[in-house]
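Note sheet for the following structure.
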Amino acid sequence: MLRNESPVLDTASVPVVSSDSRSAQTHTGAIRALGKNPATAPIVLHPGDAIPSSRRLLYIIVLGALTALGPFTIDLYLPAFPTLEADFQTTAAAIQLTLTGTMIGFALGQLIVGPLSDKVGRRLPLLSVTALHVVASVFAALAPTLETLSIARVLMGAGAAAGGVVAAAIIRDLFGGKRLVVMLSRMAMVSGVAPVLAPLAGSALLLVMPWRGIFVVLAVYGAVMLVSAILFIPETLPAARRGGPGSTTVWQRYGSVFRDRVFIGVLVIGAMTFSGLFSYLSASSFLFQVSYGFNAQQYGVLFAANSIGVVVGVQIASRLAARFGPQWVLAVSTAVLVVAGGAIVLTDQLGLGLWGTIIPLFFFMTACGFTFPCAQVLALDRHGKAAGTAQSIIGAANFGIAGIISPLVGLLSVGSGITATTMASVMLGCAVIGVLSLWLLVRPRTVERLAP
């Protein structure tokens, strides 16, 4: 929404319709937008259904780019890991801890931003925390020691938290049911480009600048997103929807979410899938550049090729989830994660080399793409009144647990170096836990179908 328009998109009770339209409540509780011919006017089930397609596209682009700030913050400096190890004269495990710090900061930031956005609205937390990201990025660029860089990375993670959690909450404010699946997948298409572009961009930047320049670029990106949020993102949670029975306090909102068995189940699935993915992220730079002899640019191309699987998976999953139900898509994708993780271990032990690793790795990444949006839809569709809180828990669990689990690759590799087996062993363990959570907690047959 442009600055000279109303700063609040009022979704308190009825959707936004054009100024020459009226609205009426039907006996089903849906909203009918009345125009020149009320008899043919469509029934609007959710506020965003009445928003013009051009405005929806704008929201997808801006919110997707805000969500992508997190992946860029994490992935852009991955090709520089060996350089950081040499500059700071430390170990690979110590450099991996800067990635862990980023994810922990991201998790803690979401736990704060999510409930706060349910209480005070979406814009204020979004703008404040994105500004923190800009300052922390400058701090990282100037860091004289690894300890200082680690602190800056924690703050950068916290600063990047607002984009993902608030963007998903805004989409949930406006949409529900099957359209929620479509909107989240389209936003994921924009944000999903980030893991593909980030390592390529990081590798290219290392050709023309030292590693510190990467953090200057992140500061500029954060500043651009801050300005974009000020100009284009409206308030979608007006005061009328910030209170109410069962959701007046942070603890009540947390309670309503954690009492949901299905939510807990998909929370575990999402966190384990993320942990498997970030075990790959934290180890891949060392595995491919040290063990397989890739340079930074070759690593960036390989990383991007694998990441395409995530984007493809997200887009196909949205269509399948709308038709068959996200729980059944998860039934297949979590099984593929187990098979692909086990295949990497097997091929490495058989000595099949690079191709024996990257082929099953691509299938693992693609299965991640199928899993993430389906888990998110199942979680948010059930908790529209606490969307910010629900999304903050999802993000905190994803990045917090991944931040704890992914360094296991480095610990398992002490003395022998990172191998495909040590990396994939952690990935496989996470995938097995995800499968158990699906069938023991979520129980796909007990999950109701998505609303229209």
Side-chain angles (χ1 to χ4, degrees), residues 1-3 5-9 11 59 61-74 101-142 151-174 187 191 194 215-239 241-243 247 249-250 253-254 386-396 398-400:
M1 182 168 289
L2 296 177
R3 192 65 175 165
E5 296 178 308
S6 172
V8 177
L9 182 56
T11 62
Y59 290 165
I61 293 174
V62 177
L63 293 175
L66 277 166
T67 304
L69 182 60
F72 263 104
T73 297
I74 293 166
T102 308
M103 292 188 290
I104 290 175
F106 202 94
L108 294 176
Q110 290 189 81
L111 286 176
I112 296 171
V113 172
L116 186 63
S117 73
D118 285 335
K119 186 68 175 178
V120 304
R122 309 302 186 199
R123 276 176 61 86
L124 180 60
L126 175 62
L127 301 180
S128 301
V129 182
T130 304
L132 172 63
H133 178 275
V134 176
V135 175
S137 296
V138 175
F139 184 33
L142 301 175
I151 294 172
R153 291 295 291 172
V154 172
L155 294 175
M156 287 179 68
V165 67
V166 175
I170 288 174
I171 294 297
R172 183 60 187 90
D173 287 342
L174 300 176
M187 190 176 71
S191 61
F215 296 110
V216 175
V217 172
L218 285 170
V220 173
Y221 180 18
V224 170
M225 296 320 304
L226 179 61
V227 173
S228 298
I230 292 172
L231 295 177
F232 301 120
I233 302 301
E235 178 58 71
T236 59
L237 190 70
R241 289 185 57 200
R242 297 175 195 169
S247 59
T249 69
V250 171
R253 289 192 290 274
Y254 274 123
T389 300
Q391 180 61 30
S392 73
I393 295 170
I394 295 170
N398 286 350
F399 285 89

Next item on the list: Please report the closest heavy-atom contact between A160 and G70, naming both atoms and the distance.
Entry: CB-CA, 3.9 Å
Checklist line | Set of residues satisfying ring pair (Phe, Tyr, Trp, His ring centres under 6.0 Å) with respect to Y221, sequence neighbours excluded | finding: F72
Checklist line | Partner residues of A158 under the side-chain contact (heavy atoms from CB on, under 4.5 Å) criterion, sequence neighbours left out | finding: L132
Check: To the nearest 0.5 Å, what is the distance between CD1 (I61) and CG (L66)?
Finding: 12.5 Å
Next item on the list: Name all residues meeting the side-chain contact (heavy atoms from CB on, under 4.5 Å) criterion together with L127; count only those two or more places apart in sequence or in a different chain, and write none if there are none.
Entry: R123, L226, A229, I230
Check: In Å, rounded to the nearest 0.5 Å, how long is the span from OG1 of T130 to CG of L126?
Finding: 4.5 Å
Notebook entry, point to check: Is E235 reaching over with its side chain to a backbone N or O of G121, donor-acceptor style, under 3.5 angstrom?
Noted result: no
Distance-only donor-acceptor hits, side chain of residues 104-114, under 3.5 Å, sequence neighbours excluded:
| residue | atom | partner | partner atom | Å |
| --- | --- | --- | --- | --- |
| Q110 | NE2 | G395 | O | 3.3 |

Item checked: Smallest separation among heavy atoms of A169 and R122, with atom names -> CB-CZ, 3.6 Å
Notebook entry, point to check: Do you know the tightest heavy-atom contact between V62 and M225?
Noted result: O-CE, 3.8 Å
Check: Which heavy atom of A141 sits nearest a heavy atom of V216, and at what distance?
Finding: CB-CG2, 3.9 Å
Next item on the list: Might you point out which heavy atoms bring M156 and T73 nearest each other, and give the distance in Å?
Entry: CE-CG2, 3.8 Å
Item checked: side-chain contact (heavy atoms from CB on, under 4.5 Å) involving V138 - partner list, sequence neighbours excluded -> L142, A219
Next item on the list: Name all residues meeting the side chain to side chain donor-acceptor pair (under 3.5 Å) criterion together with T102; count only those two or more places apart in sequence or in a different chain, and write none if there are none.
Entry: R153
Next item on the list: Tell me, please, which residues at least two apart from S128 pass side-chain contact (heavy atoms from CB on, under 4.5 Å).
Entry: L124
